[in-house]
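Because only heavy atoms are used, hydrogens play no part in the values below, and waters and symmetry mates are left out as well, while side chains stay in. Predicted model only: the values in this text are computed from it and were never measured.
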Amino acid sequence: MIDHLGINVSDYQRSRDFYTRALAPLGLSLMMEPMPGIGGFGSEGKPWFWISDQRQPTTENVHVAFTAPDRATVDAFHAVALEAGGIDNGPPRVRELYHPTYYGAYVLDPDGNNVEAVCHRPD
């Protein structure tokens with residue numbers, strides 16, 4: 001089990017703004033900024049997804065998938081992430097390649113990382 005994950009971003013403010021908006025439909029929020037340029041997102045009192053512009057190199061070509069409770073949340077994530085400046089990398093739909101009820105959407109973050117919301121439940 002992974003406890004937390006961090007990625008290095010090129011522009012903290014830009015990435016913080018993107019993730020604050022994009023992760024909101026998933027129930028995740030910016031929970032702490034212990035130092036300038038470092039922020040932890042999570043829920044229920046536990047930040048577990050971290051971004052930082054304090055280390056090099058910038059993280060690129062990473063795929064991070066966030067669990068969504070239902071397909072409507074996947075749709076909302078995709079729409080809000082695009083509004084926040086993300087680049088479409090795959091609209092919400094069933095992807096039977098993975099399994100018959102895999103419903104996911106992909107957006108590239110400001111540094112080109114592939115950010116996904118996925119629901120495994122049938123709908």
Does any part of the side chain of S15, heavy atoms only, come nearer than 4.5 Å to the side chain of D109, both counted from C-beta? no

ring-ring contact (aromatic ring centres under 6.0 Å, His included) filter on H99, not counting sequence neighbours, yields Y102, H120

Any donor-acceptor N/O pair, N89 side chain to Y106 backbone, under 3.5 Å: no

Considering only residues two or more places apart or on different chains, which pairs with a residue in residues 69-94 satisfy ring-ring contact (aromatic ring centres under 6.0 Å, His included)? none

side-chain hydrogen bond (donor to acceptor under 3.5 Å, both in side chains) partners of residues 54-74, not counting sequence neighbours, each pair once: H63-E116, D70-T73

Heavy-atom side-chain proximity of L108 to N114 below 4.5 angstrom: yes

When rounded to the nearest 0.5 angstrom, what distance separates CD1 in I51 from CG in L5? 11.5 Å

Which Ile, Leu, Val, Met, Phe, Trp or Tyr residues join Y103 in one cluster when any pair of side-chain heavy atoms under 4.5 Å counts as a link? V74, V94

Just so I know, are the side chains of M31 and W48 near enough to count as touching, which here means a heavy-atom distance under 4.5 Å? no

Under a 3.5 Å distance rule, please check whether K46 uses its side chain to pair with a backbone N or O of H4 as donor and acceptor. no

Exercise: identify the closest heavy-atom pair between P92 and D75: CB-OD1, 3.1 Å

Scan the side chains in residues 34-44 for donor-acceptor partners under 3.5 Å anywhere in the protein, sequence neighbours excluded, and list what turns up.
none

Does R21 reach the main-chain N or O of V80 with its side chain, forming a donor-acceptor pair under 3.5 Å? no

Please tell me whether L26 and L30 are part of a single hydrophobic cluster in this structure, the criterion being side-chain heavy atoms less than 4.5 Å apart. yes

So if you build clusters from Ile, Leu, Val, Met, Phe, Trp, Tyr with side-chain heavy-atom gaps below 4.5 Å, do L28 and V62 land together? yes

Cluster check I7, F66: I/L/V/M/F/W/Y, side chain < 4.5 angstrom: yes

Considering only residues two or more places apart or on different chains, which pairs with a residue in residues 11-37 satisfy ring-ring contact (aromatic ring centres under 6.0 Å, His included)? Y19-F49

